[in-house]
Structure formats: structure tokens, C-alpha cells
Amino acid sequence: MSAAVLAAAPPRPAHRDPQVLRWLGAYTASTVGDSVYYLALSWAAVSSGSPAQAGLVMAVSAVPRALLLLFGGVIADRLGPRRVVLASDTARCLMTLGLAAVLLATSPGLWLLAAAALVFGAVDAVFLPAVGALPPRIAARDQLARVQGLRGLAYRMGSVLGAPLGGLAVATGGPASAFGAAGALFALSLPLLCALRLRPLPTEEKPPTGEEGEKADGPVLRDLADGLRHLRGHRVLGPLMITILLADLGFVGPLNVGLALLAEQRGWGAPGIGWLLAGFGAGAGAASLLLAVRGRLPRAGTTLGWTMVLGAAAVAALAFAPRLPVAVAVAVAVGLLAGVSGALCHALVQTECDPAYLGRVSAVSSLGSLGLAPLGMPLTGAAAGLWGTGPVFVAGAAVCALSGAFALTVPSLRRAELPR
């Protein structure tokens, strides 16, 4: 009788589940470490070369990430997401601590910083899909939307805490101190990840071999092709990947490059950029908190489409905001709407995908924002130089609106729901 009662007991809410909290602590430490690392890298690059050379060093990591991301998804599914995340954070810990030691002993050239950025980008290519594949192995299916909300809050916290922590470390002991702080944060995630107990995959979803239920043999390209076929044949995931890619291509360039250009043209200066980014972050954080508290939003597919359309209108409105307070208010709206649509996209990926393919599907969903869109930022800057910032925002908004309209016109995606 007691066993039956325990079996029927509802799962703990995500924010009270020790497993989720361990994962959340590890993810937060890793995210803060990321922010500190990139600040340390940029400062070391600026101190060692020209601004153009420093920009090149900062952009180098995007290349291996874009080229290897899909194969990183195969590795996550083969070896298991926890194992891959552990190995990735260990590699990043050792690399950043090694950079700190080198900087204390000598003044390395830009070539060493560029090599470190390349390695970091390659590690990111396997870390990111594994992070996306881990939540279904630690939380019940009806809690995955809450987990995505908590993940969004952790990501925002990492961005907010990482910059001042990295700046303090640089001010105290230079880039070496900042790299050391990043390494310590990566190290902090390791015992938390080791303490995770993974939920078994359902029997019908288990691949044939592997320590944690993942595939352990066969050609890598075959596994990648299997994952892409799974996407193509899925009535929700296939259209959702197209929606995510269009939204990323329309959103990333204007918001990352356009905000700085807009602040410069309007005379708002560096404080204006800070206020705009703070407004966007506040809106996105509120969206993550909403999903973490509610656990789900009704009519998820329809809500996803309309928030993308409304978010596109808000992006276009940024180009016509006459004063900084108005622009900040619009940035809050952009962050809120983009945060809701982004969280719903991630939650639908988590709940719709067979866990055996989740590493590969997470890699595809991340390819636009983390692989392809950053490589298009120079084109966004060139377009703004030729035609002005306004047309760049409007063009990006048009692509975002197209992604929302597409989601609303595909019946299977429009009717998609999150589990109760």
C-alpha cells in the first residue's frame, strides 16, 4: 500500500527538487564563470594588441562553435549529458586556471589568447547541447517548463553578476586574477554535477547501448542523420526549428549591434547602452520568473506565435523611440515578449523531443543564435553604415514577425501544449 501511495505521489515542484537545485547551482556557477572569462579575455586582448586585433580574438570562438555544434549534439546523446557537461566544465576550469598561471609568469602574445578562444569555442560546441539535454534526466516531464524558467533566471543572474565580478577581479589583480576567478567558478559546478542522480529513460525511448542509455557505437554522421530525420518527421519539432532559426536571424544582429549604434546616434552614450541592456534584461528576467512560477502557459503554440509577432513590433519601435526613457520602456517590452517566446520554445523542445535525441535537437535549436547569427553581426554593422540603424531594426523585426506568423500558420505547432 505504501509503495502504491509513493508511486502515485505527485512530483516535487522544480524549485523544491534537490536534483533541480543542484543542477541550477552548477549551471549558475558555470554561467557566471563564462561571463568572467569573456571579460578577462577581452581585457587581456585589448592590453596586448590593437582594438581590431582584440575584436578578432573575441570573435574566434564563434567559428568552432558554429562548425562543431551539431556534432556536439551527437556526443551528448552518445556519452550522456551529465558526463559531457562534467568534462566540458573540467576542461574550461583547467584552461582558465592555466591561462591565469601563464599570465602571472609572463606576457603572452595574442596568438595564445586566440588559441584559448578557439579551444573554448570547441568546448562550448559540446557543452551547449548537453546542457539542453540534461533537464529531462533530472525532472519530471510536467516540471520541464518550470526548469526552463529557472534556467532563464540563472542565465540572467550570470550576466548580471559576471560583469562586476570580472571587473573587480581585473581591478584587483589584472586578467590573471579574473581568469583564476572564472576557473574557480567552473570548479564549483563539478561537485554539484557529480551529485546529480539521473532519471532513467522510459524503456521505449532507450537506445540499445551505453552507460546512461545513450548510443555508444556506429558512425557519427549516421547518428547526426538520425537526429535530423527525427526532426524532419516530427509534427511539432520540425516547424519549431524553422521558427527558432528565423527568430534568431532577425533578433540577434539588431539587438547586439543595433543597440550600441542607436545609443551612439541619439547621443545617449555608454550609459544609454547600459540602460537599454538593463531594460531588456529586466523584461527577459520577468518572463523567466513567470514561467518558473506558473509552470506552464495555456495554448503554448499560439502564445509563442503572438509573442513573436508583438515582439517584432517592439523591435521595430526601438528605431523610432525619441528619448532614452521611451527606448528603455520599449526595451523592457522587447525583453518580456522575447523572453516568453524563447522560454516557450525551449520548453516545447524539452517536452516534445524523445530524450534519446535531445542532445542533437538542442544543438539544432542553438545553431541559429550561437552559431550562425553571431557570424552575421559584421553584415548588420555594414548595413547600418549604409542605410542607417532604423532600416536594420525594421528588417530584423520583419524576419521576427515572419517567424511568429509561420508558427501561427502551422496547425500542429499552433495547437502544441505544455504538459500539466
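Computed from a predicted structure; not experimentally measured. Position 1 is the first residue of the sequence; numbering continues from there.
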Establish, for the pair Arg92 and Tyr37, whether the NZ or CZ atom is under 6.0 angstrom from the six-membered ring centre and no further than 45 degrees off its axis.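 Cation-pi check for Arg92 and Tyr37: fails.
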Do side-chain atoms of [X] reach the backbone of [Y] as a donor and acceptor pair under 3.5 angstrom?
{"X": "Gln350", "Y": "Ala145", "result": "no"}
{"X": "Thr303", "Y": "Pro298", "result": "yes"}
{"X": "Arg141", "Y": "Thr351", "result": "yes"}
{"X": "Thr307", "Y": "Val340", "result": "no"}
{"X": "Ser177", "Y": "Gly174", "result": "no"}
{"X": "Arg360", "Y": "Ala356", "result": "yes"}
{"X": "Ser362", "Y": "Gly359", "result": "no"}
{"X": "Arg65", "Y": "Ala125", "result": "no"}

For residues [X] and [Y], determine if any side-chain heavy atom of one lies less than 4.5 Å from a side-chain heavy atom of the other.
{"X": "His346", "Y": "Val349", "result": "no"}
{"X": "Val410", "Y": "Ile242", "result": "no"}
{"X": "Phe251", "Y": "Ser403", "result": "no"}
{"X": "Met308", "Y": "Cys345", "result": "yes"}
{"X": "Leu113", "Y": "Val60", "result": "no"}
{"X": "Leu86", "Y": "Arg82", "result": "yes"}
{"X": "Leu276", "Y": "Phe280", "result": "no"}
{"X": "Pro136", "Y": "Leu358", "result": "yes"}

For the residue pair [X] and [Y], what are the closest heavy atoms and their distance?
{"X": "Ala130", "Y": "Pro81", "value": "O-CB, 3.5 Å"}
{"X": "Leu418", "Y": "Leu297", "value": "CD1-N, 4.1 Å"}
{"X": "Leu348", "Y": "Ala416", "value": "CD2-CB, 4.1 Å"}
{"X": "Gly339", "Y": "Ala287", "value": "C-CB, 3.5 Å"}
{"X": "Ala182", "Y": "Gly33", "value": "CB-O, 3.7 Å"}
{"X": "Val326", "Y": "Pro322", "value": "CG1-CD, 4.1 Å"}

Interatomic spacing from [atom1] in [X] to [atom2] in [Y] - rounded to 0.5 Å:
{"X": "Leu413", "Y": "Leu237", "atom1": "CG", "atom2": "CG", "value": "9.5 Å"}
{"X": "Tyr155", "Y": "Asp34", "atom1": "OH", "atom2": "CG", "value": "8.5 Å"}
{"X": "Leu150", "Y": "Gln148", "atom1": "CG", "atom2": "CD", "value": "9.0 Å"}
{"X": "Trp306", "Y": "Arg414", "atom1": "CH2", "atom2": "CZ", "value": "11.0 Å"}
{"X": "Leu144", "Y": "Leu291", "atom1": "CG", "atom2": "CG", "value": "10.5 Å"}
{"X": "His234", "Y": "Ser412", "atom1": "NE2", "atom2": "OG", "value": "9.5 Å"}

As a quick check of understanding, evaluate side chain to side chain contact (heavy atoms under 4.5 Å, CB included) for Asp124 and Leu68, giving each step before the final call. CA-CA 9 Å; Asp124 266 354; Leu68 302 176; over 6 Å; no
Using the rule given for side chain to side chain contact (heavy atoms under 4.5 Å, CB included), can you reason through Val147 versus Ile138, listing the C-alpha separation, both sets of side-chain angles and the distance that settles it, and then say yes or no? CA-CA 10 Å; Val147 171; Ile138 59 173; 5.5 Å; no
Tell me, with the steps shown, if Leu245 and Leu367 meet side chain to side chain contact (heavy atoms under 4.5 Å, CB included). CA-CA 8 Å; Leu245 178 61; Leu367 185 61; over 6 Å; no
Evaluate Leu221 against Phe71 for side chain to side chain contact (heavy atoms under 4.5 Å, CB included), listing each step before the verdict. CA-CA 8 Å; Leu221 289 177; Phe71 295 100; 3.7 Å; yes
Under 30°, 30 to 60°, or over 60°: which ring-plane class applies to Phe186 and Phe120, parallel, tilted or perpendicular? tilted
Parallel, tilted or perpendicular: ring planes of Tyr27 versus Trp23, cut at 30 and 60 degrees: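 Rings of Tyr27 and Trp23: parallel, under 30°.
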Result for side-chain hydrogen bond (donor to acceptor under 3.5 Å, both in side chains) between Ser189 and one of Thr90, Asp89, Thr31 points to Asp89
